[in-house]
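I have placed the structure first, in the form of structure tokens, so that the comments after it can refer back to it.
These numbers come from a predicted model, not from an experiment.
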Amino acid sequence: MNGTRTPVARSGRERAALGGFPLLAFLVIWAVWVPRALQSAGVLHSRWASGLGAGWTYGPALAAVLTAAWVGRPALGSWAPG
């Protein structure tokens, strides 16, 4: 092995996941932040927003799992050693 990597043909889903993951993580985080901010500003009068708590910390992990599920197992296998 000479240290060079051969290019791997990627599917359209795999290429879309590169941009889709950060976008999905952003959307999940803001889906938690916006209701909490509206509640603290007095615009939203509901207790469910504060119940979201620290849910925003799991946004990137949730986005990673959803993106991996959308791309499928072959994309996950390409990262495996060997």
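Using a 4.5 Å cut-off between side-chain heavy atoms of Ile, Leu, Val, Met, Phe, Trp and Tyr, with links allowed through other members, Ile29 and Val32 fall into the same hydrophobic cluster. Cluster membership for Leu27 and Val34, using ILVMFWY side-chain heavy atoms within less than 4.5 angstrom, is shared. Residues Leu38 and Trp33 share a single hydrophobic cluster, defined by chaining ILVMFWY side chains whose heavy atoms lie under 4.5 Å apart.
The aromatic rings of Trp30 and Phe26 sit tilted relative to each other, their planes meeting at an angle between 30° and 60°.
Taking every heavy atom of both residues into account, Pro35 and Leu44 meet most closely at O-CD2, 3.7 Å.
Listed for the Thr67 side chain is no donor-acceptor partner under 3.5 Å among the backbone atoms of Ala64.
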